[in-house]
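Hydrogens, waters and symmetry mates play no part in the numbers below; they use all other heavy atoms, side chains included. The chains referred to below are lettered A, B, ... by the order of the sequence lines, with proteins before strands, and numbering in each begins at 1.
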Amino acid sequence: MINEELELQKFEQKIANGEKIEPKDWMPEKYRKQLIRMIAQHAHSEIVGMLPEGNWITRAPSLRRKMVLLAKVQDEGGHGLYLYSAAETLGADRKDLIEALLNGKMKYSNIFNYPTLSWADIGIIGWLVDGAAIVNQTMLAKCSYGPYSRAMIRICKEENFHKRQGYENVSVLAQGNAKQKQMVQDALNRWWWQTLMMFGPHDENSTNTVDLMRWKIKLETNDSLRQRFINLTIPQAYAIGLTIPDNDLKYNEKTQNWEIGKINFDELYNVINGNGPCNRIRIAERKKSYEEGNWVRIAAENYALKNKNNYGTK
Amino acid sequence: MAQNKIDTELYLWEVFVQDKFGEPFTHCGSVHASDSEMALQNARDAYSRRNEAKTIWIVKSSEIISTTPSDEGPFFEPSNDKIYRHPQFYTIPKSVKDKLF
Amino acid sequence: MFEKKIEENLFQLLVQIADDKLILGHRLSEWCGHAPILEEDIALANIALDNIGQANSLYQIAVKLENKNRSEDELAFFRDEREFRNIQIVELPKGDFAFTIVRQFLYDNFSFLLFQKFCDSNFIELSDVSKKIVKEISYNLRHSKEWILRLGIGTEESKFNTQKAIDKIWEFTNEMFEFGNVENFLIEKNIIPNLDTIKTDWELSVKKIFDNTNLQIPNISYFASGGRNGFHTEYLGYLLAEMQIVARSNPNVKW
């Protein structure tokens with residue numbers, strides 16, 4: 001026991017000094033578990049997130065937009081891969097993590113339980129959803145776990161193009177004809193509050209935050225990240241003539257913060273509990289791909305076993 | 001609800017990338033693949049989508065052998081006091097140092 | 001630079017190949033998020049991107065040649081089925097993974113040989129762009145070839161699925177070696193290669209891999225034809241309806 005306490009002390013000292021924890025270092029079981037949960041949830045979000053946007057690859061209205069969207073959705077697959085890779089350094093098995101996703105035991109970001117209903121949604125997702133993700137990920141790039149932090153640095157670098165292409169897309173629509181303008185405003189109206197909820201519940205209701213912050217898995221609270229995102233985004237919306245769907249929105253000169261109306265967290269909890277518009281569809285789609293891919297994976301594994309030159313032994 | 005069992009996610013491979021010829025290889029993550037050829041292809045698609053690699057190494061994760069944190073003391077600390085391995089350990093006359101060194 | 005007749009034929013040729021690439025890229029992009037394993041999602045998206053990028057480059061050369069102020073997007077989004085000039089093999093629905101891999105393998109082999117020859121074309125724009133494209137195809141071919149080996153040798157089931165795909169696709173392979181009405185004229189001028197030699201090489205390299213995996217080339221007498229002249233399967237109409245819906249529902253705007 002004394003040994004355990006000593007290790008914990010050393011571990012916490014290391015984190016306090018701003019050093020990174022690496023896979024083989026001693027770590028409290030709770031730290032490992034929280035990290036696996038968080039990183040896997042993040043990875044699941046990337047691969048489930050491929051679906052709502054992937055829907056529009058075949059319908060993108062120009063060759064340029066088509067290539068950009070395809071490259072972006074591909075990146076998301078790549079980001080899922082980096083993140084599973086980081087979770088695996090903690091001893092988790094990707095197979096178990098994906099099973100947990102398919103069986104509903106693990107979550108993914110709620111935002112992907114909403115449908116993409118028009119081409120403008122693609123721009124709005126790039127601008128808002130990826131914009132919010134970048135705010136969160138920039139913080140995570142400084143987290144205490146080495147592999148997670150390194151994956152985040154890589155992801156942040158790549159995501160900058162996601163947000164820019166989104167904003168470019170949105171601003172072209174916002175300056176387009178009446179139909180385009182209406183399309184993009186409608187998309188903003190549907191995604192605005194959902195994006196704000198991506199940062200999670202208010203601090204006073206966020207049960208995990210204290211532990212996560214002590215060990216620098218998280219470095220800022222939900223509300224402070226949300227506020228940063230709001231302050232960044234609102235001027236961008238105004239610059240291209242879009243209206244934020246919030247009647248209570250006002251700028252506070254003293255704090256220099258944009259103050260928003262009340263977020264309807266009942267909706268968030270409802271969707272988290274499985275009752276969003278797309279929860280069942282998304283998981284059913286992932287399941288279908290996995291089931292249909294079974295024979296392919298088995299064939300590849302068998303080929304490797306038959307072909308020792310390829311070094312396919314377990 | 002029926003449990004969804006995944007038969008296999010294939011094997012895990014570690015990926016090392018050389019971003020310029022002549023530079024050392026850096027570990028950048030891992031991929032899953034059935035065998036070495038697919039691992040190389042997957043590593044290329046995952047870790048060099050933006051022309052980040054000149055050469056890629058892959059190695060089965062299970063083949064990597066690492067020191068452990070408990071090795072840290074005996075493995076690395078003894079080299080701490082071998083200060084004579086560092087150039088700063090040696091004094092060179094100032095007149096020489098400024099012009100000839 | 002070239003006389004009018006050559007330019008017109010060259011335009012037709014570029015559109016034919018670009019249409020192949022665009023439609024194939026479309027079918028590949030349907031895999032995005034649905035592949036058998038995450039790594040393959042990324043790989044197939046990459047190949048789709050290569051194909052759509054190639055279509056884009058070829059359309060750009062074509063519209064420049066045409067000189068009628070048409071954009072590459074107008075070619076892609078504002079032509080109807082009968083105006084598309086791709087061969088039918090690329091428009092068939094994506095099918096299962098075996099079907100997609102078999103189609104890729106057969107088409108990649110053809111496309112690789114074709115673009116290798118295009119590198120020597122007398123038409124500089126084509127030879128320049130081909131030097132870049134041939135590298136991409138070379139990698140795509142490596143991917144599809146390696147998968148044919150794995151599926152062909154892996155398990156009974158994978159072999160069965162792969163053979164089934166070959167049997168279904170084979171009648172669509174002959175069309176690769178047709179260029180509608182443009183060929184003779186352009187071959188004479190050393191702008192495009194003779195497709196007969198490509199066909200021979202194609203048969204050799206396909207057969208080599210099939211022999212290694214005990215996959216059989218079906219013995220059939222009917223071969224599809226007509227894509228180069230705008231005669232398609234019924235699948236293309238649905239594909240275009242989906243691909244063009246957003247662009248056409250709001251024409252003449254910036255996207």
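Both the backbone and the side chain of L149(C) come within contact range of chain A, judged by heavy atoms closer than 4.5 Å. A76(C) touches chain A through its side chain: at least one heavy atom from C-beta onward sits under 4.5 Å away, while N, CA, C and O do not. Contacts of S249(C) with chain A are made by both backbone and side-chain atoms, with heavy-atom separations under 4.5 Å. When heavy atoms are compared at a cutoff of 4.5 Å, W31(C) does not approach chain A at all.
Interface residues of residues 81-107 of chain C toward chain A, defined by a heavy-atom distance below 4.5 Å and sorted by number: D96(C), F97(C), A98(C). Chain C is approached within less than 4.5 Å, heavy atom to heavy atom, by V172(A), L173(A) from residues 168-176 of chain A, ordered by number. Using a 4.5 Å cut-off between non-hydrogen atoms, the part of residues 43-61 of chain A that approaches chain C consists of I47(A), M50(A), L51(A), W56(A), I57(A), T58(A), R59(A), A60(A), P61(A).
F77(C) and L63(A) make their closest contact through CE1-N, 3.5 Å (heavy atoms, listed as atom of the first residue, atom of the second, distance). Nearest heavy-atom pair, D73(C) versus S62(A), reported as atom, atom and distance to 0.1 Å: OD2-CB, 3.2 Å. Considering all non-hydrogen atoms of both residues, L70(A) and C32(C) come closest at CD1-SG, 4.4 Å. Contact between R150(C) and Y303(A) at its shortest, heavy atoms only, is CG-CD2, 3.3 Å. Of all heavy-atom pairs between P36(C) and Y290(A), the closest is O-CE2, 4.4 Å. The nearest pair of heavy atoms linking A299(A) to L151(C) is CB-CD2, 4.3 Å.
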Return all side-chain donor-acceptor pairs below 3.5 angstrom for residues 123-130 of chain A, not counting sequence neighbours, or 'none' if the list is empty.
| unit_1 | atom_1 | unit_2 | atom_2 | d |
| --- | --- | --- | --- | --- |
| W127(A) | NE1 | Q236(A) | OE1 | 2.9 |
| D130(A) | OD1 | K72(A) | NZ | 3.0 |
| D130(A) | OD2 | H162(A) | ND1 | 3.4 |

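The greatest number of non-hydrogen atom pairs below 4.5 Å with chain A, out of N161(C), D41(C), I245(C), is found for N161(C). Counting heavy-atom pairs under 4.5 Å between each of K179(A), E285(A), E76(A) and chain C puts K179(A) at the top. Of the listed residues K288(A), K306(A), Q180(A), the one with more heavy-atom pairs under 4.5 angstrom with chain C than any other is Q180(A). If you tally non-hydrogen atom pairs under 4.5 Å between each of L38(C), I153(C), V253(C) and chain A, the highest count goes to L38(C). Top candidate by heavy-atom pairs under 4.5 Å with chain A, chosen from E72(C), E39(C), Q244(C), K254(C), is E39(C). Ranked by non-hydrogen atom pairs under 4.5 Å with chain C, the options I298(A), I98(A), N177(A), V73(A) are led by N177(A).
For F161(A), the CZ atom is densely surrounded, since the number of other residues' heavy atoms within 6.0 Å is greater than 12. Heavy-atom neighbours of K159(C) NZ from other residues, nucleotides or ligands within 6.0 Å: above the threshold of 12. More than 12 heavy atoms of other residues, nucleotides or ligands sit less than 6.0 Å from atom CZ of R280(A). Open room surrounds OH on Y238(C); 12 or fewer heavy atoms of other groups in view lie less than 6.0 Å from it. Atom CZ of F160(C) is surrounded by 12 or fewer heavy atoms from other residues, nucleotides or ligands within 6.0 Å. By the 6.0 Å contact criterion, NZ on K131(C) is enclosed, its count of non-hydrogen atoms from other residues, nucleotides or ligands being greater than 12.
The distance from atom CG of L81(A) to atom CD1 of I37(C), rounded to the nearest 0.5 Å, is 9.5 Å. The structure places CD1 of I42(C) at 9.5 Å from NE2 of H79(A), a figure rounded to the nearest 0.5 Å.
Inter-residue side-chain proximity for M243(C) and K66(A) is flagged as met; some heavy-atom pair is nearer than 4.5 Å.
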